[in-house]
Amino acid sequence: MFSKKILIAAATFTALIATGCAVSNGSISEESLGLRKTNLYTEDNVVPDQTSYSKAAPGESKPVNRAFENAPPMIPHDVEGMLPITRDNNSCLGCHSPEVAKAVGALPVPKSHLFDMRTQTVLATVSNARFNCSQCHAPQSNLKPLVKNEFQPEFRTKNGNKRSNLLDTLNEGVQ
Ligand code: HEC
Ligand code: HEC
């Protein structure tokens with residue numbers, strides 16, 4: 001039988017080792033581990049950075065340079081009242097369809113959006129596969145990134161950071 005004293009001593013010793021370990025690791029705190037610099041075991045006090053989308057109306061915004069060759073361009077203008085896109089209401093096409101784009105100073109959808117990839121045929125109207133614009137094109141929020149992006153895109157055409165040509169280059173290298 002252990003005496004009470006020995007048990008208490010043992011418990012204290014264990015506690016000391018435990019805290020000792022914690023202290024020796026103490027230079028790295030839980031809060032410092034994640035990008036969000038807060039306790040990673042709870043979501044209670046986590047507040048995401050506020051998004052800051054462009055309030056500039058279409059026609060008054062400045063296009064964002066493409067992230068890489070043939071990347072889907074980000075939406076630089078306000079999309080208030082335009083989303084979600086529904087079967088009967090796609091205001092994006094009201095400005096970006098080829099017939100109207102020039103008149104409103106917008107870029108028309110590129111050739112790839114007027115093409116059926118399955119049957120390899122040119123379409124008279126925007127392909128249904130491209131109807132839901134916001135599936136690929138997102139508004140750009142103006143935020144300071146937590147981690148700097150070191151990626152350097154390389155464009156093979158002079159204006160590749162402002163225009164796309166996917167349909168012309170899609171089968172490059174395919175025999
Ligand atoms: C009232 C006309 C109008 C509507 C509606 C509109 N746009 Fe635009 N969009 C423009 C204009 C004009 C520009 C060029 C930038 C500017 O002048 O603000 C533009 C720019 C863009 C660009 C950037 C193209 C580039 O050169 O990088 C994308 C992507 C885009 N719009 C997608 C959309 C999507 C998706 C919708 C629907 C949610 C939409 N637009 C609705 C007029 C419009
Ligand atoms: C499945 C993804 C997808 C959908 C859906 C889509 N796009 Fe795109 N979009 C792209 C990609 C990728 C590019 C760039 C490469 C290309 O296709 O030429 C692009 C390019 C564009 C461009 C730039 C054209 C240029 O000459 O540089 C405009 C404008 C545009 N899209 C508008 C729209 C609109 C408006 C819709 C909805 C009717 C739409 N897109 C739907 C993926 C998509």
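In each ligand, atom 1 is the first atom listed, and ligand 1 is the first ligand listed. Everything numeric in this text was worked out from a predicted model, so none of it was measured. Sequence positions, counted from 1, serve as the residue numbers for this chain. Side chains are part of it too, since the values below use all heavy atoms of this structure and drop only hydrogens, waters and symmetry mates.
- Using a 4.0 Å cut-off between charged side-chain N and carboxylate O, Glu43 and Arg36 make a salt bridge.
- Each of the following atoms of ligand 1 lies closer than 4.0 Å to a heavy atom of Gly105: 12 (C).
- For ligand 1 and Val104, the ligand atoms under 4.0 Å from any heavy atom of the residue are 12 (C).
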For ligand 2, run through the N/O pairs with the protein that fall under 3.5 Å and put one pair on each line.
from	atom 1	to	atom 2	distance (Å)
ligand 2	7 (N)	His113	NE2	2.8
ligand 2	7 (N)	His137	NE2	2.7
ligand 2	9 (N)	His113	NE2	2.9
ligand 2	9 (N)	His137	NE2	2.8
ligand 2	17 (O)	Ser112	OG	2.5
ligand 2	18 (O)	Ser164	OG	2.8
ligand 2	18 (O)	Leu166	N	3.3
ligand 2	27 (O)	Arg66	NH1	3.0
ligand 2	27 (O)	Arg66	NH2	3.1
ligand 2	27 (O)	Ser164	N	2.9
ligand 2	27 (O)	Ser164	OG	3.2
ligand 2	31 (N)	His113	NE2	3.0
ligand 2	31 (N)	His137	NE2	2.9
ligand 2	40 (N)	His113	NE2	2.9
ligand 2	40 (N)	His137	NE2	2.8

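- If you chain together ILVMFWY residues whose side-chain heavy atoms come under 4.5 Å of each other, Phe131 ends up grouped with Ile75, Val79, Met82, Leu83, Ile85, Leu93, Val109, Leu114, Val126.
- If you number the atoms of ligand 1 from 1 as listed, the ones under 4.0 Å from a heavy atom of Ser61 come out as 15 (C), 16 (C), 17 (O), 18 (O).
- Heavy atoms of Lys62 stay at 4.0 angstrom or farther from ligand 1.
- A salt bridge is absent between Lys37 and Glu30: the closest approach of a Lys/Arg side-chain nitrogen to an acidic carboxylate oxygen does not fall below 4.0 angstrom.
- At least one side-chain heavy atom of Met117 sits less than 4.5 Å from a side-chain heavy atom of Leu170.
- In Gln50, the CD atom is not crowded: 12 or fewer heavy atoms of neighbouring residues, nucleotides or ligands sit closer than 6.0 Å.
- Residues Cys133 and Asn90 are in side-chain contact: their nearest non-hydrogen atoms beyond the backbone lie under 4.5 Å apart.
- When side chains are defined from C-beta on, Arg163 counts as touching Leu107, because their heavy atoms get closer than 4.5 Å.
- Taking the six-membered ring where the residue is Trp, His137 and His113 present tilted rings, their angle falling between 30° and 60°.
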